[in-house]
**Student:** 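Could you have a look at this structure, given as structure tokens, before my questions?
Below, read A as the first sequence line, B as the second, and so on, with proteins coming before strands; counting in each chain starts at 1.
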Amino acid sequence: MPLTNVFFIILIKTMKEFGSLLGYSIEMEQKKSENPKGPRKPAALWMQILPAVSAYVRSIILNYHDSEDVIQNIAVIFAEKYDRLDPSREVLPWILRIARYEVVNHFRSQGREQIIFDEKVLQRIECAYHVIHDESEGIKKALHTCIESLNDRPRHVLKLRYFREMEIRDISQRLGLSSNAVYIILCRVREALANCVQKKTGVLWKVT
Amino acid sequence: MTDPVKLIHLYMDERLTPEQANELRSRLLEDTDFARLFARYGLLNSFIRNEFLEEDLKESIERFVVPTSADAGTNKDFSDTDRVSTESIMKPEKPDADKVHKIKARAEQQLHAFLAEQEELNRSQSSLPRAFFNLYAACQAWATKLDILLKRVVKIGVRTAICGVFVLVILGGIHYWLIHRVVAALDDSSYAVWRVPPQEPQLRRGSMTLEQGYAQLTFKQGTQVLIQAPCTFELQSSNKMALENGSMTANVPSQAAGFRVQTPWAMVVDYGTEFGLSTGQTDGTEVHVFEGNVGMGDATSSQVATEGQAAHVDQAGRIGLKSLDDCPNLFVRHMPKAGSCFGIPGKRLDLADVVGGGNGFGTGVQGRALDPTKDYTNVTFRETLLRRPLNNSGYRPGSGFIGIEKLPFIDGIFVPNGSDQPTTITSTGLLFQDCPDTHGTYYDGIVCGAVFDDQKVHAGRLAGHRYETPEHPSIGAHANVGITFDLDSIRASMSNCLISRFRAHCGISETLADIHQEEKDYAQVKVTFWVLVDGRINYSRELGTDPFESDQINIPLNPGDRFLTLITTTPQENLYCWSMFAEPALELERKDP
């Protein structure tokens with residue numbers, strides 16, 4: 001249910017806003033948890049790994065609603081199993097593996113939907129997410145400013161697709177465009193954002 | 001080949017053909033760079049979505065929070081599109097200020113829950129947590145708390161156990177070192193027989209028993225100790241020992257001052273000196289200070305004995321001091337060379353040495369004599385004795401029984417003469433009933449080392465053997481004399497020892513013939529040798545000089561026998577009665593505990 005995810009984001013926001021009232025700062029906690037010797041707080045840790053987990057799940061389960069449900073399940077599992085996790089182990093590979101099981105379970109429970117990737121491919125993708133995890137904070141910050149600089153029209157298309165969760169076909173009907181045109185707009189906008197982010201972060205997204 | 005970026009875009013928008021899907025799969029499998037690119041676009045997509053979500057959220061909060069405080073009526077000014085956008089987030093209810101407050105309050109609750117490491121995220125069943133008290137959740141929270149607490153307790157327990165084991169190992173090591181460290185070295189020994197012979201010269205803490213002979217130890221701090229058998233002692237540290245029973249002498253250099261010996265009766269502390277110490281299980285502790293000062297005492301009283309003093313601590317802890325001159329030489333101060341002594345602690349006690357004021361193991365002085373007269377000091381030297389005036393007839397008339405208090409091993413001396421009445425031979429008044437008539441005179445008393453003088457002083461000879469060196473001692477007993485040894489006293493000085501028999505070689509010195517070869521006026525000399533135990537005659541034999549006769553005495557002794565009396569008598573005038581007891585010995589045996 002996307003509503004729970006919305007609630008989750010509200011929660012994070014309010015935590016940041018009201019945390020200072022309680023003499024507690026998320027950033028402080030995150031800094032603490034970055035220190036490998038310091039104790040790892042589950043909330044801060046979850047905030048650290050959430051971008052990678054949600055990106056992973058969202059990139060496999062393309063249906064918005066379904067992907068949010070699966071992310072919620074993973075959050076619950078994380079909260080339950082966190083205590084039993086060996087502190088010397090890295091958290092991200094562990095949670096990504098859990099995410100993989102959840103994703104596979106999800107597709108199995110759906111039955112009719114055929115998964116495009118088998119487990120081997122999923123493992124590769126997990127690996128890739130683990131490797132580029134350090135970049136995620138930079139991408140996030142860069143993207144924030146890059147989106148601001150978008151023109152209204154492409155921004156609107158992007159919003160319809162990513163926020164209203166509309167299918168390309170519906171967008172094309174709403175805007176009076178062909179679905180191919182919408183697809184091209186989406187590709188270009190994403191491309192523009194990718195280029196903008198690469199410029200800002202200084203990391204080139206190249207394929208040999 | 002499709003452009004990799006295009007492939008990703010097609011996938012994102014679900015527009016892949018089956019062939020392109022296959023291509024995507026194989027590229028993901030084979031090309032790690034492509035997989036990373038895929039992941040980066042995945043992140044980009046995810047963040048774009050979050051950006052819009054957050055942006056929208058911010059807008060909604062601003063719209064609802066600000067008007068609530070300023071003007072609640074402006075709510076109706078919202079456009080339809082905005083209403084739709086907020087509804088898609090906050091569905092299904094229409095949002096209002098109360099709702100926002102509630103959300104904030106709950107968020108705050110959730111924050112608490114996060115900080116407390118609770119598993120409050122577990123809301124898989126319900127979309128929103130209820131505000132009412134949830135018994136099940138509370139139980140679960142408590143169970144979790146208990147679980148964490150138990151884990152901590154176990155962790156602390158394990159750590160404590162590890163620390164405990166560590167500390168135990170260290171303490172054990174220190175203890176082992178203290179117990180097994182070397183505290184002294186065995187330097188030398190002579191005639192030594194140990195109950196448990198030490199395996200190596202390095203001696204560690206522990207108890208030892210020397211059954212026979214001597215042993216010399218040097219403690220780590222420098223104290224040299226000469227142990228005389230029989231002796232049971234315990235090495236306690238590099239400067240401390242305990243003497244259960246037996247005799248020892250200690251030479252304490254200045255750096256080892258404070259050397260301590262614990263005896264059953266007193267603690268003896270030395271301040272850099274030389275001293276002798278003997279202790280028994282029943283008769284207290286005797287300390288002779290040869291040099292420096294020695295302190296002794298127990299918890300209640302203590303006293304210092306100075307050089308030349310002897311101290312006796314009795315069973316009640318009373319300390320008595322007297323001069324060393326009034327004491328026999330009880331202590332062997334230097335390790336005797338092997339083969340150079342007759343008396344061997346634990347094996348054989350030399351009675352000639354006792355006559356010489358010693359302890360029976362070579363501490364006596366050759367030439368010392370006991371003078372059986374009431375007129376002069378009884379314990380003297382032969383030379384002194386011979387200078388004492390004779391009576392009008394040219395003889396030395398003897399007295400009755402004279403106790404020798406100065407020498408505890410000797411009960412007394414006397415000149416036997418049965419002409420008037422039986423001679424008293426012990427301090428307890430035992431009589432020599434069969435004492436023959438004698439002239440009641442003596443010549444040079446009882447002498448440590450039988451020497452005789454005609455033209456020159458010379459050692460006596462029996463059966464061709466001359467008795468003149470320390471390993472072949474003798475008692476000069478020019479008739480008529482008698483001496484009684486106090487066996488109980490001797491026993492008390494050597495706990496764990498039995499006196500099994502008395503042995504001696506007796507006769508008239510053959511040197512008499514060398515001097516008076518032509519005259520043969522010695523031919524009539526006859527001396528009767530007597531050995532009495534507690535007044536009973538155990539041995540008596542008359543030995544003559546033509547030819548020279550000598551005899552071996554061998555008398556078994558029982559633990560109950562107290563007095564051993566040696567007597568020489570002659571019925572004639574005592575001229576040339578060069579009678580002697582050679583190698584007079586008490587054979588010792590270990591008393592089995």
**Student:** Give, as side chain, backbone, both or neither, the part of A:V131 having an atom under 4.5 angstrom from any heavy atom of chain B.
**Tutor:**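 Contact with chain B is through the side chain of A:V131 alone.
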
**Student:** Could you check which of A:I139, A:I132, A:V121, A:I77 has the highest count of heavy-atom pairs closer than 4.5 Å to chain B?
**Tutor:** A:I132

**Student:** Atom CD in A:E68, atom CZ in B:R49: separation rounded to 0.5 Å?
**Tutor:**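 With rounding to 0.5 Å, CD (A:E68) is 4.5 Å from CZ (B:R49).
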
**Student:** Would you please classify the geometry between the B:F38 ring and the A:F117 ring as parallel, tilted or perpendicular, with 30° and 60° separating the classes?
**Tutor:**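 Geometry flag for B:F38 against A:F117: perpendicular rings.
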
**Student:** For chain B, which candidate among A:V57, A:L186, A:L158 shows the most heavy-atom pairs at distances under 4.5 Å?
**Tutor:**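 Of A:V57, A:L186, A:L158, A:L158 has the most heavy-atom pairs under 4.5 Å with chain B.
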
**Student:** Nearest 0.5 angstrom please: B:M12 CE to A:R58 CZ, how far?
**Tutor:** 12.0 Å

**Student:** I'd like to know which of A:S136, A:C146, A:S54 tops the heavy-atom pair count under 4.5 Å against chain B.
**Tutor:** A:S136

**Student:** Between A:R124 and B:E30 (salt bridge meaning N to carboxylate O under 4.0 Å), is one present in this structure?
**Tutor:**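 So A:R124 does not pair with B:E30 through a salt bridge.
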
**Student:** Who among B:N45, B:L28, B:L44 has the most heavy-atom pairs with chain A under 4.5 Å?
**Tutor:** B:N45

**Student:** Tell me the closest heavy-atom pair linking B:A35 and A:A128, and the distance in Å.
**Tutor:** O-CB, 3.4 Å

**Student:** Any salt bridge linking B:D13 with A:R161? Criterion: basic side-chain nitrogen under 4.0 Å from a carboxylate oxygen.
**Tutor:** yes

**Student:** Decide if atom CZ of A:R97 counts as having more than 12 heavy atoms of other residues, nucleotides or ligands within a radius under 6.0 Å.
**Tutor:** yes

**Student:** Which class fits the ring pair B:F52 and A:F163: parallel under 30°, tilted 30 to 60°, perpendicular over 60°?
**Tutor:** tilted

**Student:** Relative to chain A, which of B:L24, B:T32, B:L16, B:L43 shows the most heavy atom pairs under 4.5 Å?
**Tutor:**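 Highest number of heavy-atom pairs under 4.5 Å: B:L43.
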
**Student:** If you measure from CD1 on B:I48 to NZ on A:K159, what distance do you get to the nearest 0.5 Å?
**Tutor:**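 Going from the CD1 atom of B:I48 to the NZ atom of A:K159 covers 14.0 Å.
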
**Student:** Indicate yes or no for a side-chain donor-acceptor contact from A:Y183 to the backbone of B:H9 under 3.5 Å, with no hydrogens or angles considered.
**Tutor:**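 Between the backbone of B:H9 and the side chain of A:Y183 there is no qualifying donor-acceptor contact (under 3.5 Å).
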
**Student:** For A:E135, is there an ion pair with B:R36 - N to carboxylate O distance below 4.0 angstrom?
**Tutor:** no

**Student:** State the CD-CZ distance between A:Q198 and B:R40, to the nearest 0.5 angstrom.
**Tutor:** 8.0 Å

**Student:** Could you tell me which portion of B:L10 (side chain, backbone, both or neither) has an atom closer than 4.5 angstrom to a non-hydrogen atom of chain A?
**Tutor:** both

**Student:** What do you reckon, is CD of B:E200 surrounded by more than 12 foreign heavy atoms closer than 6.0 Å?
**Tutor:**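 Correct, the count exceeds 12.
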
**Student:** Give me the contact list for residues 153-168 of chain B versus chain A, heavy atoms only, anything under 4.5 Å, ordered by residue number.
**Tutor:** none

**Student:** Look up atom CZ in B:R25 and atom CG in A:D118, then write down how far apart they are to the nearest 0.5 Å.
**Tutor:** 7.0 Å

**Student:** Find the one option among A:E167, A:E126, A:H144, A:K120 whose heavy-atom pairs under 4.5 Å with chain B are most numerous.
**Tutor:**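 Ranked by contacts with chain B, first place is A:H144.
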
**Student:** Based on non-hydrogen pairs under 4.5 Å, which of A:V182, A:I60, A:I125 is most in contact with chain B?
**Tutor:**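 Ranked by contacts with chain B, first place is A:I125.
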
**Student:** For A:D152, is the CG atom crowded, meaning more than 12 foreign heavy atoms sit under 6.0 Å from it?
**Tutor:** no

**Student:** Tell me, side chain or backbone of B:K151 under 4.5 Å from chain A's heavy atoms, or both, or neither?
**Tutor:**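 Only the side chain of B:K151 comes within 4.5 Å of chain A.
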
**Student:** Locate the shortest heavy-atom distance separating B:A39 from A:Y129; write the atom from each residue and the value.
**Tutor:** O-CE2, 3.4 Å

**Student:** Heavy-atom cut-off 4.5 Å, strictly under: side chain, backbone, both or neither for B:L37 against chain A?
**Tutor:** side chain

**Student:** In Å and rounded to the nearest 0.5 Å, what is the SG to CZ distance from A:C187 to B:R15?
**Tutor:** 8.0 Å

